[in-house]
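Scope of the values below: all heavy atoms of this structure, side chains included, with no hydrogens, waters or symmetry mates. Proteins get letters first, then strands, A, B, ... in listed order; numbering begins at 1 in each.
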Amino acid sequence: MAGTTEQQRFAAPKGTYDVLPPDSGRWLAVRELLLWPARRAGYGYTEAPIFEDTALFQRGMGEATEVVSKEMYTFTDKGDRSITLRPEGTAGVVRLAIEHGLQNGQLPAKLWYAGPMFRYERPQAGRYRQFQQVGVEALGVDDPALDAEVVALGSRAFGALGLSKVELLLTSLGDPQCRPAYVARLQEFLQGLPLPDEDTRRRVALNPLRVLDDKRPEVLEMLVGAPVLTDHLCDDCRAHYDAVREYLHELGIAWKEAPTLVRGLDYYRRTAFEWQHSGLGAQSAVGGGGRYDGLSEAIGGPPLPGVGWALGMERILLALDAESTDERPVGPPVPPRCDVYVVALGAAAKKKAVVIVDALRAERLNVDMSYGDRGLKGSMKGADRSGAHTALVLGDRDLAEGVVQVKDLKSGEQRSVPLESLVEELVHR
RNA sequence: GUGGGUGUAGCUCAGCUGGCAGAGCACCGGGUUGUGAUCCCGGGUGUCGCGGGUUCAAGUCCCGUCACUCACCCCA
């Protein structure tokens, strides 16, 4: 490098990606569709900062979690504050709720959000360092019917996309009443096993539930007789879990009991769930969530129970690809970027054309025109590529007659329309 | 952090035992000076990831390096 003036060629940083047209149209349509069930259920949009005080995540998600202990983008700002790019959305939303006193208003407070999250991990299919989630949180009420609503909103969102290979996994993680006793029992069981490596043995002490989530067949074999949390729930948690399942049953939502399901974040208690897609390879979770009744207190707030989920945009898009075939694409239709395409021939016509384009856009039509000095043939090609159903051709000859040629690009039919009735004609076609 | 795979045009990729840098799609122009999608003709748009080595000669062989990717781990 010394002595050279060679320019570095930049690329998107490791684990990040760019979204651009035409794919970005699909991207927006998917996100929109995912959130409609929640919006209809009264969830309102929130926007929290992309970075927060590091301690918010440490206390909220738990120091022992993988995410906090090794995956956070943490830096010191110029005011000597420790700042972290949010690795998930819930802690920030709960902080926002506390800061604005939402617990004093009508409850539950129902909120949704969408945006990038950041985790420092080795990238892989469906796993990025900057990734997009959409999420909902329902705060202030510990009614199991609300758990069921939240779960249903997610399942309905997947249904709306047309995904059929999404499976809902459900369990209860208990609460401080019953979980400690169970954890002790589990640790006792695990300590009696010839676990294969140091990491796993350390996990027995630190985060024993996570051991149950191991995917190695030899470990799974050892775990066969392990005590299961859902067999050791206290009466309150048992009643809550039963009620959630009853509501889901009434709603006609299918789930699979997953007593070894473990969430990555410590704040969850009672209801926990995850949606998995079978066509994705290693990263099969397309969404997940649960109830987090202790989170608010953990970050210094008032008692504020809550339940919510987050869905991973990238994995959902992969799932749509996995279920799509050439004949039958799965997912929302992408709105055309253009309805009407205007082609002007000559300087005088172009002057008129830009005005027509503007007027049609004011009528809420999607309108584009041919720019640069392409010939008529090239411009018509542009019209075709734009996806427009109608092309307008305007040359000096037409200008002299006060008309525009209106061509239907599907049928190829073309007719003259007087300039003054053009807008009317196109708006009410 | 640990392993495997892959780096050639905007995209998907071919390029054999080393011998002129290629195809399809996309894009641009023309066939038609006022008509697209079809058809025909033309155009290559390139740091063969990068650096070194072997050789008369390297996209091809060797070494190094970087990037991407898949998997472990973990999760959305």
C1'-based separation of B/C74 from B/G1 [nearest Å]: 12 Å
Distance check, P atoms only: B/U32 and B/C50, in whole angstrom units. 44 Å
Per nearest nucleotide of RNA chain B, the residue lying toward the 5' end, A/Ala285 or A/Gly412, is A/Gly412
Give A/Gln414 one of three labels, base, sugar-phosphate or nothing, depending on what nucleic acid heavy atoms sit under 4.0 Å from its own. base
Taking any heavy-atom pair under 4.0 Å as a contact, classify A/Gly135: base, sugar-phosphate, or nothing. nothing
Write down the distance between NZ (A/Lys377) and P (B/C40), rounded to a whole number of angstrom. 13 Å
Given B/U35, B/C27, B/C72, which nucleotide is nearest the side-chain atoms of A/Arg122? B/C72
What is the separation between atom CZ on A/Arg374 and atom P on B/U35, rounded to the nearest whole Å? 16 Å
Using a cut-off of 4.0 Å on non-hydrogen atoms, how would the nucleic acid contact of A/Lys381 be classed: base, sugar-phosphate, or nothing? sugar-phosphate
So what does A/Gln405 touch, heavy atoms closer than 4.0 Å: a base, only the sugar-phosphate, or nothing? base
Using atom P of each nucleotide, how far apart are B/G42 and B/A23 to the nearest Å? 12 Å
Can you measure A/Leu261 atom CG to B/C74 atom P for me and round it to whole angstrom units? 14 Å
For B/G42, give the paired nucleotide (Watson-Crick: N1-N3 plus N6-O4 or O6-N4; G-U: N1-O2 and O6-N3; both under 3.5 Å), or none. B/C28
RNA chain B: 5'-proximal contact among A/Gly375 and A/Gly312 (nearest heavy atom): A/Gly375
Atom CG of A/Leu345 to atom C1' of B/G36: distance rounded to whole Å? 13 Å
Partner of B/G36 under the Watson-Crick or G-U wobble criteria, both distances under 3.5 Å, comes out as none
Is there a donor-acceptor contact under 3.5 Å from the side chain of A/Asp398 to the main chain of A/Gly395? yes
Counting any heavy atom closer than 4.0 Å, what does A/Leu409 reach on the DNA or RNA strands: base, sugar-phosphate only, or nothing? base
Taking the inter-plane angle between the rings of A/His232 and A/Tyr182 on a 0 to 90° scale, is it parallel (under 30°), tilted (30 to 60°) or perpendicular (over 60°)? tilted
Between P on B/C74 and NZ on A/Lys70, what's the gap in Å once rounded to a whole number? 8 Å
Does A/Arg119 form a side-chain contact (heavy atoms from CB on, under 4.5 Å) with A/Tyr73? I'd like the steps, not just the answer. CA-CA 7 Å; A/Arg119 291 183 199 175; A/Tyr73 274 92; 5.8 Å; no
Could you measure between the two P atoms, the one in B/G24 and the one in B/G44, and give it in whole Å? 14 Å
Sugar-phosphate, base or nothing in reach of A/Ala125, heavy atoms under 4.0 Å: sugar-phosphate
SB check A/Glu52 A/Arg95 (cutoff 4.0 Å): yes
Tell me: CE of A/Met61 to P of B/C74, nearest whole Å? 15 Å
Would you indicate what A/Glu66 reaches in the nucleic acid, counting non-hydrogen atoms under 4.0 angstrom: base, sugar-phosphate, or nothing? sugar-phosphate
Steps toward side-chain contact (heavy atoms from CB on, under 4.5 Å) verdict (A/Asp396, A/Leu345): CA-CA 7 Å; A/Asp396 294 338; A/Leu345 300 164; over 6 Å; no
Spacing of the P atoms in B/U12 and B/U17 (rounded, Å): 26 Å
Heavy atoms only, 4.0 Å cut-off, all strands: where does A/Val393 land among base, sugar-phosphate and nothing? base
Identify whether any heavy atom of A/Arg127 sits under 4.0 Å from a base atom; if not, whether one sits that close to sugar-phosphate; answer base, sugar-phosphate or nothing. base
Minimum-distance nucleotide (side-chain atoms of A/Met380 versus B/U35, B/A76, B/C73): B/U35
Partner of B/C72 under the Watson-Crick or G-U wobble criteria, both distances under 3.5 Å, comes out as B/G1
Using the C1' atom in both, what is the distance from B/U2 to B/G49, to the nearest Å? 24 Å
Closest to the A/Glu314 side chain: B/G36, B/C27, B/A76? B/A76
Tell me what A/Gly382 touches on the nucleic acid: a base, only sugar-phosphate, or nothing, going by heavy atoms under 4.0 Å. nothing
Can you tell me how far C1' in B/G7 sits from the matching atom in B/G59, rounded to whole Å? 11 Å
What is the pairing partner of B/A67, taking Watson-Crick or G-U wobble pairs with both distances under 3.5 Å in any strand? B/U6
In whole Å, I'd like the distance from the CG atom of A/Leu392 to the P atom of B/G36. 17 Å
Complementary nucleotide of B/G59, counting Watson-Crick and G-U pairs under 3.5 Å: none
Reckon A/Tyr341 touches a base, only the sugar-phosphate, or nothing at all at heavy-atom distances under 4.0 Å? nothing
In whole Å, I'd like the distance from the CD atom of A/Glu71 to the P atom of B/C74. 10 Å
Verdict with reasoning, A/Trp255 to A/Phe273, per ring-ring contact (aromatic ring centres under 6.0 Å, His included): CA-CA 9 Å; A/Trp255 73 89; A/Phe273 51 89; over 10 Å; no
Pairing partner of B/U54 (Watson-Crick or G-U wobble, both distances under 3.5 Å): none
Name the closest nucleotide to the A/Gln283 side chain, picking from B/C73, B/G31, B/C28. B/C73
Could you work out the separation of B/G22 and B/U60 based on their C1' atoms and round it to a whole Å? 15 Å
Cationic N near anionic O, under 4.0 Å, A/Glu121 to A/Lys70: no
What is the pairing partner of B/A23, taking Watson-Crick or G-U wobble pairs with both distances under 3.5 Å in any strand? B/U12
Nearest to the side chain of A/Arg397, which nucleotide is it out of B/C27, B/U35, B/G34? B/G34
Using a heavy-atom cut-off of under 4.0 Å over every strand shown, decide if A/Lys14 touches base, sugar-phosphate, or nothing. sugar-phosphate
Once hydrogens and angles are ignored, does a donor-acceptor distance under 3.5 Å link the base of B/A76 to the side chain of A/Gln276? no
Taking the side chain of A/Arg315 as heavy atoms from C-beta outward, which of B/G34, B/U32, B/A76 is closest to it? B/A76
I'd like to know if A/Asp147 pairs up with A/Arg291 as an ion pair, taking the criterion as any Lys NZ or Arg NE/NH1/NH2 lying under 4.0 Å from an Asp or Glu carboxylate oxygen. yes
Check: B/C74 base within 3.5 Å donor-acceptor of A/Gln124 side chain: no
Does A/Leu190 offer a backbone N or O that forms a donor-acceptor pair with the side chain of A/Gln187 under 3.5 Å? no
